[in-house]
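Side chains are part of it too, since the values below use all heavy atoms of this structure and drop only hydrogens, waters and symmetry mates. Just so we're on the same page: letters track the sequence lines, and every chain starts at 1.
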2 protein chains.
Amino acid sequence: MPKKVDHDERRRLIADALMKVAAEQGLEAVSLRHVAQAAGVSAGMVQHYFHTKDEMMVFALAAISERSEVRVRAAVDALGADPTPRLLLRTMIAALLPLEGPTREDGRVALAFLAYTAVRPAASAELRPSTAQFVEFIASMLPRGGAVAAAGLLALMEGLGLYLLGGQYTPAQALDALDAQLDLLFAT
Amino acid sequence: MPKKVDHDERRRLIADALMKVAAEQGLEAVSLRHVAQAAGVSAGMVQHYFHTKDEMMVFALAAISERSEVRVRAAVDALGADPTPRLLLRTMIAALLPLEGPTREDGRVALAFLAYTAVRPAASAELRPSTAQFVEFIASMLPRGGAVAAAGLLALMEGLGLYLLGGQYTPAQALDALDAQLDLLFAT
DNA sequence: CCTTTGACATTGCAGTCGTATTGCCAACAC
DNA sequence: GTGTTGGCAATACGACTGCAATGTCAAAGG
């Protein structure tokens with residue numbers, strides 16, 4: 001066997017470049033050549049690791065949802081043991097919001113992919129169960145309201161993310177709205 | 001002067017075709033030729049009414065926000081005189097949600113444009129004040145909570161729209177979540 | 001040694017894109 | 001009539017796209 005390279009590492013490197021391009025110029029600027037240039041590699045290499053552009057897109061889509069999972073896990077771990085349900089929820093949701101820095105870029109890419117998958121139902125079908133799972137988890141953390149209240153909280157989070165990206169809400173406003181919602185849901 | 005045609009009517013016809021293409025195949029499938037074909041006209045005619053593609057995009061963007069305004073107005077007018085604040089809000093928000101039929105297609109287009117403008121700050125700056133205005137109006141309808149609660153409700157609406165488009169929520173679930181939120185905000 | 005195999009780079013191709021240009025035709029002004 | 005002008009079609013152009021084909025080089029197996 002010839003040279004040994006970590007396939008998955010290369011693919012991640014390329015996916016990173018893809019996200020950079022998508023965050024700065026939108027998904028429609030994502031082409032094999034642009035991504036290759038952003039990654040500092042040749043276009044041929046991109047083709048070597050992704051036989052087709054769609055393959056590359058799917059990989060990047062998975063990579064970005066993995067990234068946010070990691071972020072949530074890190075934020076939760078930093079809480080220590082046995083946080084209150086309210087604090088746990090707030091921490092998780094805040095970790096998912098595109099408040100600043102790299103999370104904002106990730107948010108832009110996620111938004112682009114959202115629109116991308118809106119016309120390709122096959123790609124979005126994959127993340128449907130994960131949403132349902134999250135709703136279930138949130139419901140188990142709430143003192144009352146059940147799945148309906150949980151779905152509302154999740155939708156509020158998504159909307160806050162959208163308005164943060166659009167610049168309609170400042171990070172402070174978004175967090176205020178989140179805390180106010182938690183006040184409503186956890187009111188004694 | 002030669003032939004007389006209604007310029008704005010033609011532009012609207014073309015914009016309708018653009019939205020149809022965008023709703024079915026995404027914004028990146030929107031090209032002069034595709035739009036022209038969808039509208040049943042020649043590509044040259046599209047060029048005649050929009051000197052550049054960007055001009056066409058901007059027009060379509062304005063057209064779609066005008067459409068939703070019309071929809072909201074119609075729904076509110078059907079309420080008759082002096083509805084309760086809660087019913088008024090519910091009606092307006094429900095009219096904006098992509099629950100079914102043509103509103104779903106419009107929602108998909110709006111989502112595509114959202115991602116489109118996310119990397120073109122100039123285009124989104126225009127609709128920022130209208131969001132602020134809406135928040136203000138919602139706040140005036142709420143018994144308490146002020147702008148923060150209003151911002152939360154608006155974000156919840158936006159999130160519901162997103163999940164409706166993605167298929168994660170059914171229309172019934174979305175309306176349940178909306179009503180539950182109104183219960184919280186209007187609780188005595 | 002030498003052949004195989006995987007890691008890249010380069011090039012070519014058919015197609016689509018936005019746009020500028022050109023030309024034809026109908027309708028009005030004179 | 002004749003000329004002018006707007007509505008519209010057709011074409012040409014250069015830039016780009018995804019993808020396939022081809023080539024080069026290094027490392028490992030026999």
Side-chain angles (χ1 to χ4, degrees), chain A residues 1-22 24-61 109 112-113 115-117 119-120 122-123, chain B residues 1-22 24-61 109 112-113 115-117 119-120 122-123:
Chain A
M1 284 170 191
K3 270 206 251 175
K4 37 148 193 184
V5 297
D6 187 340
H7 255 230
D8 229 53
E9 186 202 331
R10 298 281 198 198
R11 287 163 80 101
R12 254 192 289 272
L13 182 136
I14 294 173
D16 276 1
L18 188 156
M19 296 189 215
K20 195 177 154 198
V21 172
E24 285 171 4
Q25 315 176 55
L27 254 200
E28 79 244 359
V30 170
S31 74
L32 297 185
R33 290 164 176 81
H34 276 161
V35 170
Q37 190 177 355
V41 303
S42 80
M45 174 165 157
V46 175
Q47 263 193 104
H48 184 70
Y49 288 102
F50 297 106
H51 298 61
T52 171
K53 183 187 177 183
D54 238 48
E55 209 177 290
M56 180 174 70
M57 298 293 240
V58 169
F59 183 89
L61 181 54
V109 179
F113 269 114
Y116 181 78
T117 58
V119 288
R120 289 164 193 77
Chain B
M1 288 171 189
K3 270 204 251 175
K4 37 149 195 182
V5 297
D6 186 340
H7 255 232
D8 228 52
E9 186 202 329
R10 299 279 200 198
R11 287 163 79 102
R12 252 192 289 271
L13 182 136
I14 294 173
D16 276 1
L18 187 155
M19 295 189 215
K20 194 177 154 197
V21 172
E24 286 172 4
Q25 315 176 54
L27 253 200
E28 79 243 358
V30 170
S31 73
L32 297 187
R33 291 163 176 82
H34 277 161
V35 170
Q37 191 178 354
V41 303
S42 81
M45 176 164 154
V46 175
Q47 262 193 108
H48 185 70
Y49 288 102
F50 297 106
H51 299 62
T52 170
K53 182 188 177 182
D54 238 49
E55 209 177 289
M56 181 174 71
M57 297 294 241
V58 169
F59 184 88
L61 182 54
V109 180
F113 269 113
Y116 181 79
T117 58
V119 288
R120 289 162 194 78

Query - Below 4.0 Å: OP1/OP2 of C:dA7 and any side-chain N or O of A:H48 - result: yes

Requested in this report: Check DNA chain D against residues 7-17 of chain A and give the residues with a non-hydrogen atom under 4.0 Å, in numerical order.
Outcome: none

Looking only at heavy atoms, what is the nearest atom pair of [X] and [Y], with distance?
X      : Y      : result
A:L27  : A:A22  : CD2-CB, 3.9 Å
A:A17  : A:A39  : CB-CB, 3.5 Å
A:A112 : B:A115 : CA-CB, 4.0 Å

Query raised in the report: With the sugar-phosphate defined as primed atoms, P, OP1 and OP2, and the base as all remaining atoms, what B/S/- string results for nucleotides 16-21 of chain C, 5' to 3', for protein heavy atoms under 4.0 Å?
Result: -BBBB-

Query - Contacts of A:E28 that satisfy side-chain hydrogen bond (donor to acceptor under 3.5 Å, both in side chains) - sequence neighbours left out - result: B:R120

Report summary line: For A:H7, the ring pair (Phe, Tyr, Trp, His ring centres under 6.0 Å) test, sequence neighbours excluded, returns A:Y49

Requested in this report: Could you pull out all residues at least two apart from B:Y116 that satisfy ring pair (Phe, Tyr, Trp, His ring centres under 6.0 Å)?
Outcome: none

Query raised in the report: Charged N to carboxylate O below 4.0 Å: is that the case for A:R12 and A:D8?
Result: yes

Requested in this report: Starting from P on D:dC8, measure out to CE on B:M45 and report it in whole angstrom.
Outcome: 5 Å

Query raised in the report: Pairs in or reaching into residues 30-42 of chain A: which pass side-chain hydrogen bond (donor to acceptor under 3.5 Å, both in side chains), with residues at least two apart or in two chains?
Result: none

